[in-house]
Number of protein chains: 2
Amino acid sequence: MANRTTPASAQRGVTMADVARHAGVSRTAVSFVLSSRETASISEDTKHRILEAVQTLGYRPNAGARALASQRSDWYGLVTEIVTAPFAVNIIKGAQDQAWLDKRFLLIASTEQGGGRPDSEHAGMEEAAVEKLLEQRVAGILYAATWHRAVSVPEIIREIPTVLINCFDAEGTLPSIVPDERGGGRRATERLLAAGHRRIGFINLDPDIPAAVGRLEGYYDALATAGVAPDPGLIVSGHATADGGYTAARELLDRSGKAGRPTALFCANDRMAMGAYDAIKEHGLAIPHDIAVIGFDNQELIAAYLRPKLTTVALPFEEMGALGVQTLASLTAGQPITAHQQMVDCPLLERFSV
Amino acid sequence: MANRTTPASAQRGVTMADVARHAGVSRTAVSFVLSSRETASISEDTKHRILEAVQTLGYRPNAGARALASQRSDWYGLVTEIVTAPFAVNIIKGAQDQAWLDKRFLLIASTEQGGGRPDSEHAGMEEAAVEKLLEQRVAGILYAATWHRAVSVPEIIREIPTVLINCFDAEGTLPSIVPDERGGGRRATERLLAAGHRRIGFINLDPDIPAAVGRLEGYYDALATAGVAPDPGLIVSGHATADGGYTAARELLDRSGKAGRPTALFCANDRMAMGAYDAIKEHGLAIPHDIAVIGFDNQELIAAYLRPKLTTVALPFEEMGALGVQTLASLTAGQPITAHQQMVDCPLLERFSV
DNA sequence: GCAATCAACTAACGCGCGTAACTTAGATCA
DNA sequence: TGATCTAAGTTACGCGCGTTAGTTGATTGC
């Protein structure tokens, strides 16, 4: 049996010079053909000979050398804390896929390591990560956060084109891409209103964060448009966990305000919705028959496995990642950015809890 | 106010030559100092001058040029389908962290794009991904799977050092790292036995996959060691979903075999445990008072948010990722690999369902 | 007092490639 | 027929760096 381990290409170092020699042309000709320059004129015949040589020798371009010679690179850096957080990992996927389409590579630098470092140390890691990426001569940097918030980026990041994803810098000097929380909140509330609900409880997150602010605004927007007066008694804040949702839901269900208990619950995230499910079931109520529930975030592992499956608003992680790469591409191409902060829609995913 | 945008370093292209000029030495001297070669002798004085020049000029080495000149690279490629699957993403984290410690970069190539491609197309994507990584001249490749199984890797991957993570090749010719399913199954069952349970139901996955085989073997191991005769009536297979777990659990609970219903349930994954919880609650039973439950996989989003929180066996994703990088490091260093298949322990995480 | 040693460097080459500037043989034109 | 132009290439340089093979002046050994 023939030696099947390695085609000719395996012997490291088939270079353009080898291809040139094999095709009987100069190295430059090979370069011209491979980079398909229109300005240079190479006859169809030799072009064909060269491509054939490439094939038989198993030539593989050396991306590093190419970057060195051409003074530009095919790489974007992605610095992020989200590698661990299964939550927002789809940002990576979106960015990765888009980068792949653009024939670019993503160098991912994780800034989260070991548990519970102090902030100062984390900042140091971020700077180190950016430094490393700059050493790789990336063409630009994506900076992605686990949850939508204001961040302070290391200063050196400003040396090259940068796009923030799922976060924004307090000064507002860097282009950023964030979810349209408000639109999502409106959409969810509208859905409940459309189902005939008028007393809609809202279980909110820590009211200081952008997600809470936006989602609540959207809730108000929808009520206002529908001409329903908001009832402050229907709005509570809870810990962003299943337990928090459980407690908050009990509070709302026990409460018999001026017009009785809510007939629907809009939970500002899916984990809280998970807890709310428990509270509702303990109350002997059925979802969605007795009470409707809508979540937020679309954490698949929760939303798709709750019984009944949870109708929820999705955070557009993948889209944000892709848009980030696109934005970075225009930035590095020198095109001016139209909007400094781009918002991406949060679509409603209909399942069976409404 | 001074122009704060850019330190000297920002002007792209502070090279070693610049540093040398600034320090009044040859470029070679700079190179020697920066790569801290012991063989070369540079006086403390000039060494200091050089480092100072590096500092004031903001010199940053060019990783690409370095790789080109030294004929080796700081990169490992990670080709995987798991970018999307929040599930096994910790493999990436483990690998990333370990690579960072080794001062190496991970180039991640996702092979999963758009939904539901046919297998053939997926294979094509994998080959393209590997090809791209080879163009980057990575020093080695990690190939990681979402779930533990046999895979067939693209042939070109054999051109360079490769380590499989969470999977193995059918021929067994590549070093691989997999979870110790059997040990995990044993550990879970032992825990239930230690809690006094003797009738332990086992809800298994599709019995053909390695995870199902191993976990069941572990279950038998523990029973045998404890001198408990296995009851075939206590073992069922279900769909690997919450619904599947729900159905399977009902079946076990309704069944009043020779010795009544099981007092504990070992579910071969957490999603099924989630469904089992529902079935148990519908039966009016309390966890863990009336019946204990143990899961497998430690899907945080489920296990940590179920009420009560689920005791489960963790898949050592992070460890496998880290071990993968370590193994690859020894491979690329030319050291022979001791074991062709390395197994990593699956620890039991105690929560409140036992 | 002179060869041998050594510390402290430097000159020069090449890694694989992009690219501007030049060459050459044939076609075109006045 | 000589000048001009073009197609089809080639020569030569440099990207930033690692590395080998020197070079140079001071010190040592006898």
Side-chain angles (χ1 to χ4, degrees), chain A residues 9 11-51 53-54 57-75 103 134-139, chain B residues 9 11-51 53-54 57-75 103 134-139:
Chain A
S9 69
Q11 275 30 284
R12 284 302 199 88
V14 180
T15 83
M16 275 182 54
D18 298 327
V19 174
R21 206 169 308 122
H22 192 270
V25 297
S26 74
R27 205 184 46 68
T28 306
V30 178
S31 176
F32 284 170
V33 168
L34 291 188
S35 52
S36 54
R37 291 166 59 96
E38 298 96 7
T39 63
S41 51
I42 308 283
S43 72
E44 280 306 316
D45 181 51
T46 45
K47 189 181 294 185
H48 185 257
R49 270 203 340 276
I50 290 175
L51 291 178
V54 164
L57 292 183
Y59 168 74
R60 190 150 35 216
N62 181 323
R66 180 173 286 182
L68 181 58
S70 65
Q71 296 287 75
R72 45 193 148 73
S73 87
D74 290 341
W75 309 316
K103 302 197 188 315
L134 291 179
E135 285 184 9
Q136 307 294 327
R137 298 298 188 271
V138 294
Chain B
S9 69
Q11 278 27 292
R12 282 307 197 83
V14 180
T15 84
M16 276 183 55
D18 299 326
V19 174
R21 208 170 305 123
H22 191 270
V25 296
S26 75
R27 205 183 49 67
T28 307
V30 179
S31 176
F32 283 170
V33 168
L34 291 187
S35 53
S36 56
R37 290 166 60 95
E38 299 95 7
T39 63
S41 52
I42 307 284
S43 71
E44 281 304 315
D45 182 53
T46 43
K47 189 183 294 184
H48 185 256
R49 274 206 334 279
I50 289 175
L51 291 177
V54 164
L57 292 183
Y59 168 74
R60 192 151 32 218
N62 181 322
R66 182 173 285 182
L68 182 58
S70 64
Q71 296 288 74
R72 46 194 146 74
S73 89
D74 290 341
W75 305 322
K103 302 196 187 314
L134 290 180
E135 286 185 9
Q136 308 294 325
R137 296 300 188 267
V138 294

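Note that these values count all heavy atoms, side chains included, but never hydrogens, waters or copies made by symmetry. Note on naming: letters A, B, ... go to the chains in the order of the sequence lines (proteins, then strands), and numbering restarts at 1 for each one. All figures in this text were calculated on a predicted structure; none of them were measured in a lab.
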Length of the line joining [X]:[atom1] and [N]:[atom2], which is rounded to integer Å:
X: L68(A); N: dG18(C); atom1: CG; atom2: P; result: 11 Å
X: D45(A); N: dA8(D); atom1: CG; atom2: C1'; result: 12 Å
X: F32(A); N: dA7(D); atom1: CZ; atom2: P; result: 15 Å
X: R21(A); N: dG16(C); atom1: CZ; atom2: P; result: 11 Å
X: K47(B); N: dA7(C); atom1: NZ; atom2: P; result: 14 Å
X: M16(B); N: dA11(C); atom1: CE; atom2: P; result: 14 Å
X: L57(A); N: dG16(C); atom1: CG; atom2: P; result: 14 Å
X: R27(A); N: dT11(D); atom1: CZ; atom2: C1'; result: 11 Å

Determine: side-chain N/O of [X] to OP1/OP2 of [N], distance under 4.0 Å, yes or no.
X: S26(A); N: dT10(D); value: yes
X: R72(A); N: dT19(C); value: yes
X: R66(B); N: dG16(D); value: no
X: Q71(B); N: dG16(C); value: yes

Work out which heavy atom in R137(A) is nearest to a heavy atom in P61(B); give both atom names and the distance.
-> NH1-O, 3.2 Å

Scanning both residues in full, the closest heavy-atom pair of D18(B) with V14(B) reads OD2-CA, 3.4 Å

What does [X] touch in the nucleic acid at a heavy-atom separation under 4.0 angstrom: a base, only the sugar-phosphate, or nothing?
X: T15(B); result: sugar-phosphate
X: S43(B); result: sugar-phosphate
X: S70(A); result: sugar-phosphate
X: S35(B); result: nothing

Quick one: does R49(A)'s side chain have a donor or acceptor within less than 3.5 Å of a partner on A23(A)'s backbone?
-> yes

Out of dA8(C), dA8(D), dC17(D), which has the shortest distance to the side chain of P61(B)?
-> dC17(D)

Options dA11(C), dT19(C), dC17(D), nucleotide nearest the side-chain atoms of T28(A) | dT19(C)

Report yes if a donor N or O on one partner sits less than 3.5 Å from an acceptor N or O on the other, where the partners are the side chain of S41(B) and the base of dA8(C); otherwise report no.
-> yes

Supply the atom-to-atom distance M16(B) CE to L57(B) CG, rounded to the nearest 0.5 angstrom.
-> 12.5 Å

Side-chain contact test, heavy atoms from C-beta onward, threshold under 4.5 Å: evaluate it for Y59(A) versus L34(A) and give yes or no.
-> yes

Of A65(A) and T46(B), the one whose closest nucleotide on DNA chain C sits nearer the 5' end is T46(B)

